[in-house]
Visitor: 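Please find one structure pasted underneath; my questions will follow.
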Amino acid sequence: MQLAVVTGVTAVATGLFLAPFSAQLDDQASRRALAIAQATAAEPGLDELVTDGAGPSRRGPVQRLAERTRRATGASYIVVMDTRGIRWSHAEPARIGERVSTDPGPALAGRQVHHIDEGTLGRSARGKVPLRDDTGRVVGAVSVGIAYDSVRDRFTRAVPGLLAYAGGALGVGALAALLVFRRLQKRTHDLAFSDITALLAEREAMLHGIREGVVALDAGGRIRLVNDEAQRLLGLTSGDIGRTPFEALGPGRTARLLAGEVPGADVLTVSGGRVLVANRMPTKDGGAVATLRDRTELELLGRELDGSQGLIDALRAQDHEHANRLHLLLGLLQLGMVEDAVAYLSEAVGVHRATAEEISAHIQDPLLAALLVGKATVAAERGVALRIAPGTLLPDRVVDPSELATVLGNLVDNALDATAGCDGGRVEALLRQTPQHGQDEHREASSGTAAPKTADRRRPAGLTLRVSDNGPGIPPERREAVFTEGWSTKRPPAHGRRGLGLALVRRLAERHGGTAEVGESADGGAEFTVTLPEALHPEPRAGSGPRDEAAPPGGGPGGAPGRGSAGLTPRPHR
């Protein structure tokens, strides 16, 4: 195909050159004849010889002058005529005295003309000029002809050279086409155009059909391809093509990973609440291709497995403690100490009941209360005291209890892991409503009296959640890193990887306009604080009754004396 194109272009270029070249040779020959005619007409005394009255002669001075000039210039003929068109000279002397065969009118009218014409000597390139006397009056004309065969000969002689140049250009073009073909064949792995078209169609079908996100970047780090799954996972659109990952996604771990700033294989990242596993492979042209797999459902299953494992641990702890109590009761009964057995059983049942009632008094959301009851049992099994901090009071008006349970469960689990095995390990949880700033001032300004410090029921209320422990704590230089996806000091579980819990905590907090921070607790351990500006409904939920204003932080149900900060300290195991 390339050779055909090169040959065609060469042929067309040669033809386009030859067409005006022939006309150019004709024009050059006629202008040369005109120049010879002008030189002849300028010969001194020629006008006097034509007007002396002697008449034309085959051996006259005009014929001798014309022939001498003709032989010197190589013209076919030089004809000198008078105003009547009678020849005074000619290459064939027999034609002297005859009228010229072509129209002498333009030359006798004082105009110079040159053209290709047919005459008595055949086709020739002609030039005609008027012959003037000293006063400028036209007394005749001079006509010069150059045989057209000489013009044709020049054209014929020029064609081989032109064809030689064209052949050379064609050879160079063919060689260049061959080199391009070889390079193209190497780059396309010897695939034909039809194969490339089929591969392109298959690639489009594959990229947009697989359930794995694919993002391709060019050598400049700009996005050049995004399949449907990547658009869904990252929230990208076709308008993001040509932009950098930071421009399309904003600053964050996912953008840094796509840009190649986060090395490694199967790197975890969180984007839009989704847990993704990413791999980035560089290409030979300096770009890269990143693949993204959605592990959100797998992580949820893993967390459900962790929850189930925690429930199993809690049941195992309760079973262990229950067995110990049964053994103790059996011994007391066998010794006949019935009253002591009754007292012990009443005390044991009362402790568990008091713990559950105290939790429900302070944490009035059923899901969160059940979560803390289970965590208290697990903490007791691990030798850690899980307590409710003074001031804890969470109404039953949580907007999204499941997400808040995720935040609280992750923070408590991390605190238990940090204090497990420590002598006198303690974990303290605080959940309380955050007052809406500015509402009291607004009420006071509108009524003129001091407004009661009650929650503004026209707006969602905020929530502060704090979990602290007396473990080893987190160094200041690593406090920001703990919220990074994939960062963890623990061994990964069997179902997957660690390093997502705290990242999800911060992501959930930021999604609701809040914050997640870590600092140092009063006991020297870690203290995680999460603020959620709109975590509580502005009004009590239907059926919640007066529990929102239930027992104060220091009191138990029914006005019974509360346990204060010692709230969830479990009874030691035997």
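FYI, the numbering just counts along the sequence from 1. Because only heavy atoms are used, hydrogens play no part in the values below, and waters and symmetry mates are left out as well, while side chains stay in.
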Visitor: Among residues two or more places apart or on two chains, list those pairs meeting side chain to side chain donor-acceptor pair (under 3.5 Å) that have a residue in residues 31-50.
Guide: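 Every side chain to side chain donor-acceptor pair (under 3.5 Å) pair that includes a residue of residues 31-50, provided the two are not neighbours, is D27-R31, Q38-Q112.
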Visitor: Residues two or more places apart in sequence or in another chain: which of them pass salt bridge (charged side-chain N to carboxylate O under 4.0 Å, His left out) with E480?
Guide: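 E480 satisfies salt bridge (charged side-chain N to carboxylate O under 4.0 Å, His left out) with R506 once adjacent residues are dropped.
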Visitor: Could you tell me which residues satisfy side chain to side chain contact (heavy atoms under 4.5 Å, CB included) with R479, sequence neighbours excluded, listed by chain and number?
Guide: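 I474, P476, V518, E520.
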Visitor: Which residues satisfy the salt bridge (charged side-chain N to carboxylate O under 4.0 Å, His left out) test with E517, sequence neighbours excluded?
Guide: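 Expected list: none.
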Visitor: Taking it one step at a time, do R126 and Y77 satisfy side-chain hydrogen bond (donor to acceptor under 3.5 Å, both in side chains)?
Guide: CA-CA 10 Å; R126 301 188 177 192; Y77 64 86; 2.9 Å; yes
Visitor: Taking salt bridge (Lys or Arg N to Asp or Glu O under 4.0 Å) as the cut-off, I'd like each qualifying pair that reaches into residues 254-263, sequence neighbours left out, listed once.
Guide: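 The answer is R256-E261.
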Visitor: Using side-chain heavy atoms (C-beta onward) and a distance below 4.5 Å, is L249 in contact with L234?
Guide: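 In contact.
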Visitor: Who are the side chain to side chain contact (heavy atoms under 4.5 Å, CB included) partners of T283, not counting sequence neighbours?
Guide: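 T283: side chain to side chain contact (heavy atoms under 4.5 Å, CB included) contacts with R224, D285, V289.
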Visitor: According to salt bridge (charged side-chain N to carboxylate O under 4.0 Å, His left out), who are the partners of R70, at least two apart in sequence or on a separate chain?
Guide: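 Residues passing salt bridge (charged side-chain N to carboxylate O under 4.0 Å, His left out) with R70: E67.
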Visitor: Can you see which heavy atom on E212 is nearest to which on N227, and at what distance?
Guide: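 The answer is O-ND2, 3.0 Å.
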Visitor: Would you please name every residue forming a side chain to side chain contact (heavy atoms under 4.5 Å, CB included) with R232, sequence neighbours left out?
Guide: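 In terms of side chain to side chain contact (heavy atoms under 4.5 Å, CB included), with neighbours along the sequence ignored, R232 is linked to R211, E229, R274, D294.
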Visitor: Contact between T529 and L465 at the side-chain level, heavy atoms closer than 4.5 Å - yes or no?
Guide: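 Not touching, per the 4.5 Å side-chain cut-off.
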Visitor: Please walk me through it: do T531 and T464 pass side-chain hydrogen bond (donor to acceptor under 3.5 Å, both in side chains)?
Guide: CA-CA 5 Å; T531 59; T464 299; over 6 Å; no
Visitor: Distance check, rounded to the nearest 0.5 Å: T69 atom OG1 versus L46 atom CG?
Guide: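 One gets 9.0 Å once the value is rounded to the nearest 0.5 Å.
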Visitor: Find out whether L276 and L233 are in side-chain contact, i.e. whether some heavy atom of one side chain is under 4.5 Å from a heavy atom of the other.
Guide: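 Yes; the side chains approach each other to less than 4.5 Å.
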Visitor: Of all residues at least two apart in sequence or in a different chain, which pass the side-chain hydrogen bond (donor to acceptor under 3.5 Å, both in side chains) check with E510?
Guide: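 Listed in chain order: nothing, the list is empty.
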Visitor: Which heavy atom of G110 sits nearest to which heavy atom of R132, and what is that distance?
Guide: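 Shortest heavy-atom contact: O-NH2, 3.4 Å.
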Visitor: Please give me the minimum heavy-atom distance between A91 and S76, naming the atom from each residue.
Guide: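 Between these two residues, the closest heavy atoms are CB-O, 3.5 Å.
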Visitor: With L463, which residues qualify under side chain to side chain contact (heavy atoms under 4.5 Å, CB included), at least two apart?
Guide: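 L463 satisfies side chain to side chain contact (heavy atoms under 4.5 Å, CB included) with L394, L404, A535 only.
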Visitor: State which residues pass side-chain hydrogen bond (donor to acceptor under 3.5 Å, both in side chains) with R59; sequence neighbours excluded, sorted by chain then number.
Guide: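 Expected list: none.
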Visitor: Which value, rounded to the nearest 0.5 Å, describes the distance between S143 atom OG and L131 atom CG?
Guide: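 Separation between the atoms: 12.5 Å.
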Visitor: Looking at CZ of F181 and CG of L3, how far apart are the two atoms once the value is rounded to the nearest 0.5 Å?
Guide: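 Going from CZ on F181 over to CG on L3, the span is 9.5 Å.
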Visitor: Return the set of residues passing salt bridge (charged side-chain N to carboxylate O under 4.0 Å, His left out) with R243 (not counting sequence neighbours), or none when no residue passes.
Guide: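 Counting only residues at least two positions away or on another chain, R243 forms a salt bridge (charged side-chain N to carboxylate O under 4.0 Å, His left out) with D240.
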Visitor: Are P56 and I86 close enough that some pair of their side-chain heavy atoms sits under 4.5 Å apart?
Guide: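 Yes, their side chains come closer than 4.5 Å.
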Visitor: Does the side chain of V144 come within less than 4.5 Å of L34's, by heavy atoms?
Guide: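 They are not in contact (no side-chain heavy atoms under 4.5 Å apart), so the answer is no.
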